[in-house]
Each structure stands twice: as structure tokens, then as C-alpha cells.
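Below: one structure, written as C-alpha cells.
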Amino acid sequence: MSNALSMIDDTSDSLDADLNYLVPNGRRPVYYAFPAPPGIPHHSGEFETKRVRIQDGRRQPERPTLDSTGFELVHEGSRLSDFSDDATVRRVYYPEVDALIKRVMGAVKVVIFDHTLRYGVRGHIEEGVREPATRVHNDQTFVSGPRRVRDHLPAEEAAQRLEGRFAIINVWRPIGHPVEASPLAMCDARSIDPADLVPSDLVYRDKVGETYAFRYNPRHRWSYFPRVRPDEVVLLKIYDSLDDGRARLTAHTAFEDPRAPASARPRRSIEVRSLVFF
Ligand code: OGA
Ligand code: FE
């Protein structure tokens, strides 16, 4: 083929895209989860863009799973298609997510502690709606993971649950149409070195959370699931108390898909965050 279209090989099982990594400078990166007070930058820390190869997770010989790579695609619809009403999401969607996690992971108890709506239009202002994430991160750290249990359970139950295995899982779902722009990339947990993790402050109005930023490591193996549909979810491992060789977290970020046409619809999605007990 000699036409321009041959430049875009849609049958390829990988693409190259730019991801934003932290350049560690010895200081702790800080982000604000709300508009920062006057004079305070919304975030601190220097980032660098790295071109990485991102594999098609649908076509990998070894299917990605929560315990191997730290992420997993599951075919699972929802009764809900409009996730804009907070109360409805809690009443209808949270129980669906609860049941899904119990089924997939064999968990005995699930506590959903929040959810985030995203819309991929720069500068879009809508209460409670965020843009796709632009930096490689993991939502919790080995310190803040257990703290979440103490934040959301009565002290006695928290202490007892922390004796056993627990995990933090995000359930990520496109809203409205399959993902055409700003897909989510996930990093194989087995390609992450502990030295890549940089604890960062996430400042909320009422507390300070801790997340991991990541420094670049050429060994990172990235994947994405092309055109995730509203009847599919991506499960992300954010934390696992077990340290037995299984995935304990996964770096992830949205990226600009170089193959997305100009007519691609902006991505809408919802991610639900949960504590999972076994
Ligand atoms: C997440 C997350 C980013 C995005 O689900 O934890 O970071 O752009 N999502 O959807
Ligand atoms: Fe995240």
C-alpha cells in the first residue's frame, strides 16, 4: 500500500505514546485534589515525557490478571448508563461493583469508599468531574493503604481486618461509548522496581493522602485495552497486603492515543475505589 493510511497500522498489537514520569529531585511531590489556596501551585514536582511502547492487552499471549500484572479486563455490564447522580451511583452501582469484586476475587467483604467521574475535555468545568489522569501514578502507597482501612472501618474491626489479607481495587468503566480517546495505560507490576516508587502528598480539604509517583524505568512493560466498552470494566490493583510474589500495585495513567482520529469522542469514565477483605 502506498497511500497515507498505510502509515497507521490498526492491526498492530502495540503503539508508541508519551507518558509523563516524575523526575525525582529529593523533594516530596505535592498535588491538590481541589483548587489550591492562592499563591500555592496546584502541584509541585518536575515531570518528563517518555515515549513508551504500549501493548494491546487484549492480544497478549498471557492474559493480564489482577494477581499477575495487577490489572484485568472483565466483561460486565451495569444497569446504569447515566452515572451523573451521586445518590443513584451509590444506590445502584456500588452494589454491582461489590458483587463483581466478590465474584472475581473471592472476597468476603467489600467497602467502597469513593468514586471519580472523568471527562476528557480540557478545561471542562463540572462539579465533581475530573480530566483523565496525565501522570503515571498509583492511588495509594504501602503506608496509606492500611490507613484507608482505619479511616473507613470502626477501630476494632479495622484492627481485626488488618490481621488478614486485604486489597484496594479500582473498578474503571467507560461511560456512554467505547473509549476512542485518552485510553488508560497500565504497567505490568512485575516490571516495576521498588526504586521506581516516589511517595507523594495528595492534599484534600480535610486530610492529606499519599500516592505513588513513578520515575522512568526502561524496563516498564505497558499495556492498554483498545476501545474498552461500557459493558466492560478494567480492574486495577492499588494495594495488596500479601507480599508473596503476586502484584501489589500497578502504575497507570491516561495517554493520548496517536492513532485516535480527530473525530474521536472525548472519554467519559467512572472509577470506583474499594477496600477488599478476604
Ligand atoms: C484510576 C485512574 C485515570 C483516568 O482509575 O485510578 O487513575 O484517566 N484513572 O481514568
Ligand atoms: Fe489512579
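Nothing fancy with the numbering, it's 1 onward along the sequence. Ligands are counted one by one from 1 in listed order, and the atoms in each one are counted from 1 as well.
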**Request:** Could you walk me through whether Arg130 and Glu271 pass salt bridge (charged side-chain N to carboxylate O under 4.0 Å, His left out), step by step?
**Result:** CA-CA 11 Å; Arg130 292 162 66 181; Glu271 74 232 28; 5.5 Å; no
Is [X] salt-bridged to [Y], cutoff N-O under 4.0 Å?
X      : Y      : result
Arg246 : Asp244 : yes
Arg63  : Glu72  : yes
Arg190 : Glu62  : yes
Glu96  : Arg173 : no

**Message:** Using a cut-off of 2.8 Å, how many protein N, O or S atoms sit around the Fe ion (ligand 2)?
**Reply:** 3
One line per pair, note the atom names and distance for all nitrogen or oxygen contacts under 3.5 Å between ligand 1 and the protein.
residue	atom	partner	partner atom	Å
ligand 1	5 (O)	Glu271	OE1	3.4
ligand 1	5 (O)	Glu271	OE2	3.3
ligand 1	6 (O)	Asp139	OD1	3.4
ligand 1	6 (O)	Asp139	OD2	3.0
ligand 1	6 (O)	Asn170	ND2	2.8
ligand 1	6 (O)	His252	NE2	3.0
ligand 1	7 (O)	His137	NE2	2.9
ligand 1	7 (O)	His252	NE2	3.1
ligand 1	8 (O)	Ala133	N	2.8
ligand 1	8 (O)	Arg267	NH1	3.2
ligand 1	8 (O)	Arg267	NH2	2.8
ligand 1	10 (O)	Arg118	NE	3.4
ligand 1	10 (O)	Trp172	NE1	2.8
ligand 1	10 (O)	Arg267	NH1	2.6
ligand 1	10 (O)	Arg267	NH2	3.4

**Asked** Under the side chain to side chain donor-acceptor pair (under 3.5 Å) test, which residues partner Arg150, sequence neighbours left out?
**Response**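 Partners of Arg150 under the side chain to side chain donor-acceptor pair (under 3.5 Å) test: none.
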**Results of salt bridge (Lys or Arg N to Asp or Glu O under 4.0 Å) for Arg53 - residues two or more places apart only** = Asp16
**Message:** Working note: Ser12 + Arg259, criterion side chain to side chain contact (heavy atoms under 4.5 Å, CB included); need CA distance, chi angles, decisive distance, verdict.
**Reply:** CA-CA 11 Å; Ser12 163; Arg259 300 191 296 198; 3.9 Å; yes
**Prompt:** Do Arg268's NZ or CZ and the ring of Tyr119 fall within the cation-pi criteria of under 6.0 Å and 45°?
**Reply:** yes
